[in-house]
S.K.: 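Sharing a structure with you now.
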Amino acid sequence: QIQLVESGGGLVQAGGSLRLSCAASGRTFSTYAMGWFRQGSGKDREFVARITRNGITTDYADSVKGRFTISRDNAKNTVYLQMSSLKPEDTAVYYCAAYQGYLGSMASDSYDYWGQGTQVTVSS
């Protein structure tokens with residue numbers, strides 16, 4: 001009962017910044033915990049960041065701690081991923097996901113809904 005659409009991906013040089021957005025449909029956005037995942041070429045989908053329904057608690061993969069920030073604006077039905085100090089190894093398709101609970105896990109198969117993904121390419 002929710003649809004997710006990512007945007008904001010693109011090509012950026014190493015060391016640069018990019019902000020991804022995930023817009024959700026419906027009036028129930030605030031009842032979902034949200035997460036960001038990514039999948040590089042030939043790799044499995046991996047956890048990036050997660051946030052609780054109210055945005056108070058966040059968690060990050062070790063590979064992005066200190067560089068990425070997840071946030072949400074429930075009034076706008078949108079979750080964000082601010083990415084800074086980007087590295088070539090950050091190149092991947094980035095997906096947002098929704099979990100109908102307080103906080104989703106770090107396992108991708110625990111989430112209920114997924115967006116279509118947006119490509120992020122970091123050049124060296």
Side-chain angles (χ1 to χ4, degrees):
Q1 293 185 331
I2 189 171
Q3 291 183 317
L4 307 172
V5 180
E6 302 97 332
S7 63
L11 196 160
V12 63
Q13 292 185 333
S17 299
L18 205 61
R19 189 179 78 158
L20 305 183
S21 298
C22 176
S25 65
R27 298 174 294 174
T28 59
F29 177 68
S30 62
T31 69
Y32 292 88
M34 300 295 295
W36 284 98
F37 293 78
R38 67 187 183 186
Q39 186 168 18
S41 180
K43 300 179 180 180
D44 293 331
R45 189 171 300 183
E46 65 176 350
F47 167 79
V48 175
R50 60 180 179 172
I51 190 167
T52 53
R53 291 176 176 182
N54 54 19
I56 293 176
T57 302
T58 60
D59 194 25
Y60 301 90
D62 288 341
S63 60
V64 306
K65 284 181 179 178
R67 299 189 299 118
F68 290 11
T69 302
I70 186 172
S71 62
R72 67 190 297 163
D73 187 339
N74 286 349
K76 296 182 178 179
N77 280 15
T78 303
V79 62
Y80 305 95
L81 185 68
Q82 177 65 51
M83 305 183 294
S84 300
S85 301
L86 284 163
K87 306 174 182 179
E89 49 263 46
D90 295 319
T91 295
V93 177
Y94 283 71
Y95 300 88
C96 66
Y99 169 72
Q100 196 163 5
Y102 179 72
L103 180 64
S105 76
M106 293 182 287
S108 62
D109 59 5
S110 68
Y111 287 77
D112 301 300
Y113 302 96
W114 292 85
Q116 84 290 344
T118 185
Q119 177 71 48
V120 173
T121 302
V122 183
S123 64
S124 59

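Both backbone and side-chain heavy atoms feed into the values below; hydrogens, waters and symmetry mates do not. Starting from 1, each residue takes its place in the sequence as its number.
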S.K.: Would you indicate whether Q116, at its atom CD, is surrounded by more than 12 heavy atoms from other residues, nucleotides or ligands within a distance under 6.0 Å?
M.R.: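 Enclosed: over 12 neighbouring heavy atoms sit under 6.0 Å from CD of Q116.
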S.K.: For the residue pair L20 and Y95, establish whether any side-chain heavy-atom pair is separated by less than 4.5 Å.
M.R.: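 Heavy-atom side-chain distance check fails, nothing below 4.5 Å.
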S.K.: Measure across Y60 and T69 and return the closest heavy-atom pair with its distance rounded to 0.1 Å.
M.R.: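 It is OH-CA, 3.3 Å.
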S.K.: Whether R72 engages the ring of F29 as a cation-pi pair (distance to the six-membered ring centre under 6.0 angstrom, angle to the ring normal within 45°) should be assessed.
M.R.: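 Yes, cation above the ring, under 6.0 Å and within 45°.
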S.K.: From L86 CG over to F68 CZ, what is the distance, rounded to the nearest 0.5 angstrom?
M.R.: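 Between L86 CG and F68 CZ, I get 5.0 Å after rounding to 0.5 Å.
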S.K.: Looking at every heavy atom in both S124 and A14, which two are closest together, and how far apart are they?
M.R.: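 What the structure gives for the nearest pair is CA-CB, 4.5 Å.
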S.K.: Rounded to the nearest 0.5 Å, how far apart are OG of S71 and CE of M34?
M.R.: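 Interatomic distance, S71 OG to M34 CE, rounded to 0.5 Å: 11.5 Å.
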S.K.: Less than 4.0 Å between a side-chain N and a carboxylate O, is that true for K87 and D90?
M.R.: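 So D90 does not pair with K87 through a salt bridge.
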S.K.: Would you name the heavy atoms of K43 and Q39 that are closest together and state the gap between them?
M.R.: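 In this case the closest contact between K43 and Q39 is O-NE2, 3.0 Å.
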S.K.: Shortest non-hydrogen contact from W114 to S108?
M.R.: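 Closest heavy-atom pair between W114 and S108: CZ2-O, 3.1 Å.
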S.K.: How many angstroms lie between CZ in R67 and OG in S85, if you round to the nearest 0.5 Å?
M.R.: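 If we round to the nearest 0.5 Å, R67:CZ and S85:OG are 7.0 Å apart.
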S.K.: Between atom CG of L4 and atom CG of D112, what is the distance when rounded to the nearest 0.5 Å?
M.R.: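 Result: 10.5 Å between the selected atoms.
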S.K.: Judged by modelled atom types alone, do R38 and Y94 share a side-chain donor-acceptor pair under 3.5 Å?
M.R.: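 Distance-only check passes for R38 and Y94.
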S.K.: Taking atom CZ of R53 and atom CD of Q100, what is their separation to the nearest 0.5 Å?
M.R.: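 Interatomic distance, R53 CZ to Q100 CD, rounded to 0.5 Å: 7.5 Å.
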S.K.: Does the side chain of W36 come within less than 4.5 Å of M83's, by heavy atoms?
M.R.: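 Result no, sub-4.5 Å side-chain heavy-atom pair not found.
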S.K.: Just by modelled atom types, is the Q3 backbone N or O under 3.5 Å from a matching donor or acceptor in the S25 side chain?
M.R.: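 Yes, S25 side chain to Q3 backbone: donor-acceptor pair under 3.5 Å.
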S.K.: Can you check whether I51's main-chain N or O pairs, donor with acceptor, with T58's side chain at less than 3.5 Å?
M.R.: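 Flag not set: sc T58 to bb I51 has no pair under 3.5 Å.
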S.K.: Does Q13, at its CD atom, have more than 12 non-hydrogen atoms belonging to other residues, nucleotides or ligands within less than 6.0 Å?
M.R.: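 Not buried by this count: 12 neighbours or fewer within 6.0 Å.
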S.K.: Nearest 0.5 Å please: distance from the OH atom of Y111 over to the CE atom of M106.
M.R.: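 Interatomic distance, Y111 OH to M106 CE, rounded to 0.5 Å: 9.0 Å.
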S.K.: Is there a path of hydrophobic side-chain contacts, each under 4.5 Å between heavy atoms, that joins V64 and V79?
M.R.: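 Yes, because V64 and V79 connect within a single hydrophobic cluster, where side-chain heavy atoms sit under 4.5 Å apart.
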S.K.: Is the shortest side-chain heavy-atom distance between Y99 and S105 below 4.5 Å?
M.R.: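 SC-SC contact between Y99 and S105 ruled out.
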S.K.: Please say yes or no: joined through hydrophobic side-chain contacts below 4.5 Å, possibly via intermediate residues, are V12 and V93 part of one cluster?
M.R.: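 Hydrophobic grouping puts V12 apart from V93.
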S.K.: Please answer: with hydrophobic residues joined when any side-chain heavy atoms are less than 4.5 Å apart, are F37 and V120 in the same cluster?
M.R.: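 Looking at the clustering, V120 is in a separate group from F37.
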S.K.: Within a strict 4.5 Å, meaning less than it, do heavy atoms of the T121 and Q119 side chains meet?
M.R.: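 Result yes, sub-4.5 Å side-chain heavy-atom pair found.
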S.K.: Search all heavy atoms of I2 against all heavy atoms of A98 and return the closest pair with its distance.
M.R.: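 Result for this residue pair: CG2-CB, 4.4 Å.
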S.K.: Minimum heavy-atom separation for V48 to L81, with atom names?
M.R.: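 Looking at all heavy atoms of both residues, the closest pair is CG1-CD2, 4.2 Å.
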